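One structure is given below, encoded as structure tokens.
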Amino acid sequence: MTQFVDWELAASTAATLGGSGPKVTYAVAAETVSELRRLTDDAAAHVADYTGLHPAVDLPPVRVVDRADWAAVNIEGLKNLFGSLAPRLTDQQPGFLTGVIGAKVTGAQAGTVLAYLSTKVLGQYEVFSGAPGELLLIAPNITEVQQKLDVDPRDFRLWVCLHEVTHRTQFTAVPWLREHFLAEIHAYADASKLDGEAFTERARRAFQALSDEKASLLDVMQSPAQKVVVARLTALMTLLEGHAEFVMDGVGPQVVPSVENIRAKFTQRRAGGNPMEKFIRRLLGVDVKMRQYEEGRQFVAAVVGQVGMAGFNKVFTSSETLPRVEELADPAAWVARVS
């Protein structure tokens, strides 16, 4: 199989550009790692009690990593993903993928994007590297944000763990969810039927659209067929992010004494950023994810308010019970359809 991305270059680029984060002593770093592991277990118990969802598979231990390690894990996952997508892409875009973009150029681009994200992400449930996935917590980023917000270290760490453990619970308590997610990505690749001329035109429109504050390259550089798949993926990711936010805010007041202070400061941080950072976030579609947090939280809160947690959990019955894009703004329509 042709290698479309120089993955080693991607990893080295990400490690070089991502930096190491705040300077702390070895003792402080070791204490942070140890506490994050303990708090992950505490969070798992709280999330299970609150949601009624319990893992149906054996859980691999949490991995507390630095920025370079986070990028390396994601690169390995992307490598696996591209390996499964390559037959679809090469059949449809031989000229574009193998001719216009070289492996090294793509590797440098991938590494640059991951370097930026490696400085922003606090935690992740990574699903591409293998089943059932694994929970990653990025210790330097958690420490850096906690210091910038000037909040209680233990409370902030547990608060972050509640959010990320909820994602792990989603994928391990609902075994079909990972395969469904991967199938949708494969469907996206199958819908990618571009020739060189069509891609060039779409790229031109993408750069023109950057003046639109609501646009991103990821939005514009899609075929109509891809946009149908993206709508389903957007609905799924909005649900998962909103559910994690809802659980975090539901459990937080019970176990995180300073949660109100943390939430207020963290929400203000999400809305901030210098102009260049905002541009990069919009370019990569990161602002779309930020909107998903609130839109999804409102959907989950409305459904739980109408039918309770057990009624909401019907959302995880099958792919047919997942909310449609239009139902995210009309939770009662989802309740009527599913219940």
Side-chain angles (χ1 to χ4, degrees), residues 46-57 124-125 127 132-133 162-188 190-191 214 216 218-219 222 224-254 263 267 270 285-339:
H46 296 313
V47 169
D49 289 343
Y50 187 76
T51 65
L53 298 173
H54 301 273
V57 298
Q124 174 194 12
Y125 191 68
V127 299
L162 288 171
H163 185 278
E164 303 308 332
V165 166
T166 300
H167 284 315
R168 183 178 69 178
T169 301
Q170 292 162 348
F171 281 94
T172 57
V174 187
W176 59 264
L177 187 58
R178 177 178 178 272
E179 291 304 317
H180 172 72
F181 177 59
L182 296 179
E184 290 286 54
I185 293 177
H186 289 155
Y188 180 87
D190 288 337
K214 294 184 179 181
S216 78
L218 299 181
D219 292 329
Q222 294 169 357
Q226 284 175 312
K227 288 183 178 181
V228 174
V229 181
V230 168
R232 297 198 300 264
L233 279 168
T234 298
L236 173 60
M237 298 310 297
T238 300
L239 169 71
L240 299 181
E241 293 294 353
H243 183 231
E245 290 284 294
F246 179 80
V247 173
M248 172 194 285
D249 286 344
V251 176
Q254 305 171 32
R263 168 56 85 183
T267 299
R270 273 183 181 167
V286 177
D287 280 343
V288 173
K289 184 172 183 177
M290 291 180 177
R291 292 198 298 272
Q292 287 174 347
Y293 290 133
E294 182 56 26
E295 293 170 2
R297 188 194 64 78
Q298 290 178 0
F299 171 82
V300 176
V303 172
V304 172
Q306 290 182 54
V307 296
M309 187 66 74
F312 166 79
N313 284 344
K314 291 181 180 179
V315 77
F316 297 119
T317 302
S318 74
S319 61
E320 296 300 317
T321 58
L322 292 172
R324 299 163 183 166
V325 170
E326 61 273 15
E327 291 173 337
L328 292 172
D330 187 7
W334 178 86
V335 172
R337 179 173 67 86
V338 173
S339 300

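None of the values given here were measured: they were computed from a predicted structure. If you read the sequence from its start, that first residue is 1, and numbering goes on from there. These numbers come from the heavy atoms of this one structure, side chains and all, not from hydrogens, waters or symmetry mates.
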Item checked: Check against side chain to side chain contact (heavy atoms under 4.5 Å, CB included), R337 and E327 -> CA-CA 10 Å; R337 179 173 67 86; E327 291 173 337; 2.7 Å; yes
Note to self: M248 vs R263, test: side chain to side chain contact (heavy atoms under 4.5 Å, CB included). Steps then yes/no.
What the structure shows: CA-CA 10 Å; M248 172 194 285; R263 168 56 85 183; 3.5 Å; yes
Next item on the list: Please assess V247 against H46 for the test side chain to side chain contact (heavy atoms under 4.5 Å, CB included), listing each intermediate value before the final yes or no.
Entry: CA-CA 9 Å; V247 173; H46 296 313; over 6 Å; no
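Side-chain contact between D249 and R297: present, with at least one pair of heavy atoms (C-beta onward) separated by less than 4.5 Å. By the 4.5 Å heavy-atom criterion applied to side chains, Q306 and P331 are counted as neighbours. Contact annotation: the side chain of V338 never approaches that of V315 to less than 4.5 Å [non-hydrogen atoms, C-beta and beyond]. Between N313 and L53 there is a side-chain heavy-atom pair separated by less than 4.5 Å. Counting heavy atoms from C-beta on, the side chains of V174 and T169 never come closer than 4.5 Å. Residues T238 and Y293 have side chains not in contact (no heavy-atom distance under 4.5 Å, counting atoms from C-beta outward). A heavy-atom distance below 4.5 Å is not found between the side chains of Q292 and E245.
Note: F312 and H243 meet the aromatic proximity criterion, with ring centroids under 6.0 Å apart. Between H163 and F246, the ring center distance fails the sub-6.0 Å criterion.
Formation of a donor-acceptor pair under 3.5 Å by the R178 side chain with backbone atoms of G133 is not found in this model. In this structure, T172 contributes its side chain and A56 its backbone to no donor-acceptor pair below 3.5 Å. Here the side chain of W334 pairs no donor or acceptor atom with the backbone of E326 at under 3.5 angstrom. Listed for the T317 side chain is a donor-acceptor partner under 3.5 Å among the backbone atoms of K314.
F171 and F181 have perpendicular rings, their planes meeting at more than 60° on a 0 to 90° scale where under 30° would count as parallel.
The distance from the CG atom of L233 to the NZ atom of K227 is 15.0 Å, given to the nearest 0.5 Å. Residue E184 holds its CD atom at 4.0 Å from CZ of R232, rounded to the nearest 0.5 Å. Put simply, CG on L236 and CG on L328 are 10.0 Å apart, with the number rounded to the nearest 0.5 Å.
When all heavy atoms are compared, the tightest approach of A231 to V325 is O-CG2, 2.9 Å.
In this model, a donor atom of one side chain and an acceptor atom of the other lie less than 3.5 Å apart for Q170 and H167.
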